Amino acid sequence: MTFRRKLLLVFTLTVFVSVAGVAWLVQEMTRNAFEKTDSQRTAALLGQFQQEFKRRGEDVARRVENIANSDAVTRMATALNGTPADSAEYFDLARSMAESHQLDFVEILDWRGTIVSSAQWPAKFGYPETTFDSISGSSEQSAFLKLEELQDSTALGLFALRTVRVGEHPVYVIGGRRLDKNFLSALDLPPEMRVLLYQNRGDHFSPDLFLDPSAGNGVSDPAHPVEKFASLVDSVRQYNQEMTGIAHWSPDPADDEVFHAIPLRGVGKDHPLLGILLIGNSRRAYVALKRSIRNSALLVGGGGILLAILLSSWAAARVTRPVEQLALAAQEVAAGNWNARVEVTGDDEIGQLADSFNRMTTELLSQKERLIQSERVAAWRELARRLAHELKNPLFPLQLTVENLLRAREQSPEQFDEVFRESSRTLLGEIANLKAIIGRFSEFSKMPQPQWQKVQINDVVRGVAQLFQAQLQAPGRAAIDCRLELDEQLQPIAADPDLLHRALSNLVLNAMDAMPGGGTLTLRTRAGDGKVAIEVADTGSGLTREECERIFTPYYTSKQHGTGLGLAIVQSVVSDHGGRISVHSEPGKGTTFVIELPRNLESLPAAAQRNIELNAAKIPEMK
Amino acid sequence: MKRFAWQWLAISSLLVATLAARAETRPQYGSTLQVGLSAALTSLDPADGTQGDSFARRSVTSLIFDNLVNSDLSGRVQPSLAESWQAANGNRRWQFRIRRGVHFHDGTPLTAQSVAASLRFANPSWNVLAEGESVIFEFDTSESELPGELAMTRNAIVKRDQNGRLSGTGPFRIADWQPGKTLSLAADDNCWRGRAFLDSIQIAMGRSYRDQMTALELGKADLVEVAPEQAHRVSPERYQILHSPPMELLALQFAHEAASPEERTLRQALNLSVERGSIYSVLLQGTGTPTASILPTWMSGYGFVFSVDANLPKARQLRDQARVVQNWKLGYDSNDPLARLLAERIALNAKDAGLTLQPTPGGGDLRLVRIALASSDPRTALDAVFKRLDLPEAKLGSSADELYATEQAVLAGERVIPLVDLPATYASTPRLKDWAVRTNGSWDLANAWLESTKP
């Protein structure tokens, strides 16, 4: 992964995490704020509902008050306090009072709690009101809930009690409104609110005990089955306190409703749980807002991240471009282009680095030139020394021979012819030797360019082995065993087979020279990481460390006779192939030369084209 | 001279005033009487058995038709279309002499044949013959109460033509008839009793008691029925209120005989649980008479023997004796508000005794029934009640003791539980004069007239 991509990735991740974190934080804060607001609003709505409920109760109380203050009731109370107390003619009074004051329930009781007149159950006159003991102690100021027993059912109602005090014994007027669908429907609620009533009768939850104004003639709205309230109702019944629950009507959270269950208790010492009021508040608005916030957050976050990516790309490019340029320049330098320069922009660290790089490469270039120059000088000196050494050997005999000739002419003219003939042979031999020395030097100076082609190294090695097979077993010298350890899975490489053959031949010759007493010559090939390795190992006397370091220097030789150019030629061939040669040796343990060559097959077409161009230009080979 | 003139003026004024006063109390011909009825009669034929006997039916029938005889307050029969009668052969043969000069509304004369035909129609099992100007009844058994039966509404003399039109001999003839809704009657100028004072009577049927009272108060009705429990509310200063003797039995009737002694015991418990006193004093506002007998005391003379008091402990005791207590459905007339109240009250009383009674509109295991007693003759009335209640025929004696024994035996079967005897109560505008309520609960408007409101 490039530096730019890493930097881009880091920038992007940083921005993404930051934006996501901020978006989440904003969403959470907004959600909390909304929930808090929603709770407050719900509490306000509940308060409003309770106010409405209370208002209804006050309305009932007012109507009962009016009944209690009516002339008819006063007359009845007077009659009941008379002797004998005659209530028969007032048996129908409650019904007419209920009709005229629009109440569902009206009962008139005497001071003992006996029903004098009942609107909801007229036939019950003369019977005691079963809840008299509990309601007679209730406050006359406020309405209360009561379960009213009817002819064939029971009904929950909101009642009020008023006392008519005429004479010695009071008369009680109890009036109320039934808590039914009409009552619930008439409550003034906000549009998103609704209310249900569960009549707490029996020991177990029953859907039939629900009053749902939205259900029409049925018990419950089919879209909102009341069975879902079972757990909430049971919780209120168990703990006898307000509870809250959420009703999930569908997989869509917008259809959810939050229900607050309010226990409705009756009067009396144990305040029985008569009903449970469920006030539902739709979550549609909240869910819609939450979705809106989330969508906005996603939109903003996504936009932010996209923008961040773009900006990060630009920033990364700005930051990494000089670095990339530095890297490219370094690569060029590593590839040998010592003239690579980096544009210096700015005076920050990158600019300083670029400047330093430029100065470094300039210095390296000059040092390289100086090194080359000095190596060139050293090579010339070595060449001069070697040439002097090489030429000195044949020149000395030449000198002696000419001196012998002069001496013989002067001192022994009769032997001059004989001496002249012997001296001529010697002169010619030494001249031939000089010519051979000059030929090798010329050959080294005229190493040809490689002719690239696909080469199977094993074939080259086998060719070299076969070439020297006879010499290795030649009579008159100690036998040298030649082993081939070739990796048959080797892939072909791009190379010049002739140059490789020459190089390997030189190595084999050196190995032979290193084993005058015989030994083993091993030719080994193996595959590397995109490379091919050729090993030429002998079991000769080995080389010292100093010799290993200098062995590739041209004209350096450890042999008594030799131009020292063999390994230089090998190194030149290896270098032309882009490879590397190394030597491993210890005195007495033999020497192994390792040539590593890249496969470079991709360079083969270019190389082939270059060969074609060279051939077309007919550039003569240097001889 | 002056003094003489003033005297004459005084005397003449006094004379005029006296004449005026007499004119006011003298019956006036003319006017149309507006009447309200709660019953929605669908047939005017007295012999139509699809409609039960009721005060309303009797009232309407008596305006259009006559019987051979009528019953008075004491139950004695009086001549009507029959001038005289006699029994022979141990009351197995009766001969009634038909009054002469009587015509039906269609102008045809009343004959023995027409009388016989009418009575045969009403009583297919009777052997009724016309013989001269008499109608002969022949029975296989003694029918000592035949006159009393002939006074019953269903035995009114009716002429039925081929088209089903009815003609009677009563003071009013049918002018217009819309079954169940309205009935217009016009005075028959040739009525054998003399033309009625009223020109016509308009009867609106199917009106609730409340609507009738409202119409009376608004002046849109002259004569209305009054619900028993509302009778105390009708102001006697403003209206005339007339009652009949308690001629309507309010009772609980079981649909079937008790299936077992245990069930009979439970019925007895129910009987003992009912608070007739509360029903009478509160629900009926003191109208009627609590009763535990079929015939009212004023008719039978022995009704008081049957105790009307509730006995809740005894009722509970009887209830506890039963191993299985069934729940009963108590049916009542849903069109009668009083019936529903009564049913609910009785259910409450039964509940106190541990019995379960479920008031239900319509029919049930037992029903709250109102039975108009057919006659003031106790034997006739009792017999009619047995038939009305579909009780097994009982041999009815003629003496009080025999009747008592019969009644006691029937009541012991707990098929019927009498509750209250109710009168028929009517209220009229003060303008309506000379009208009466018969013993059988029907109006007597033959001599009624409406006082003019014009000065």
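Residue numbers begin at 1 in each chain, while the letters A, B, ... track the order of the sequences. These numbers come from a predicted model, not from an experiment. What's counted below: heavy atoms across the whole structure, side chains too, no hydrogens, waters or symmetry copies.
For the pair Glu58(A) and Arg62(A), the salt-bridge criterion is not met [side-chain N within less than 4.0 Å of a carboxylate O]. Salt-bridge check for Glu149(A) with Lys124(A): passed, with a basic side-chain N closer than 4.0 Å to an acidic carboxylate O.
Of the residues considered (Asn349(B), Ile346(B), Ile279(B)), Asn349(B) shows the highest number of contacts with chain A, using heavy-atom pairs under 4.5 Å.
With a 4.5 Å cut-off on non-hydrogen atoms, Gln151(A) touches chain B through its side chain but not through its backbone. Interface remark: Asp352(B) contributes side-chain atoms only to the contact with chain A (heavy atom separation under 4.5 Å). Proximity to chain A (any heavy atom under 4.5 Å) is restricted, for Arg233(B), to the side chain, taken from C-beta onward. Contacts of Glu229(B) with chain A are absent, with no heavy-atom separation under 4.5 Å from either backbone or side chain.
If you run salt bridge (Lys or Arg N to Asp or Glu O under 4.0 Å) between Asp59(A) and each of Arg56(A), Arg55(A), Arg63(A), only Arg63(A) comes through.
Ser100(A) contributes a side-chain N or O that, together with a main-chain N or O of Ser96(A), makes up a donor-acceptor pair within less than 3.5 Å.
For the atom pair CE of Met247(B) and CH2 of Trp298(B), the computed distance is 5.0 Å after rounding to the nearest 0.5 Å.
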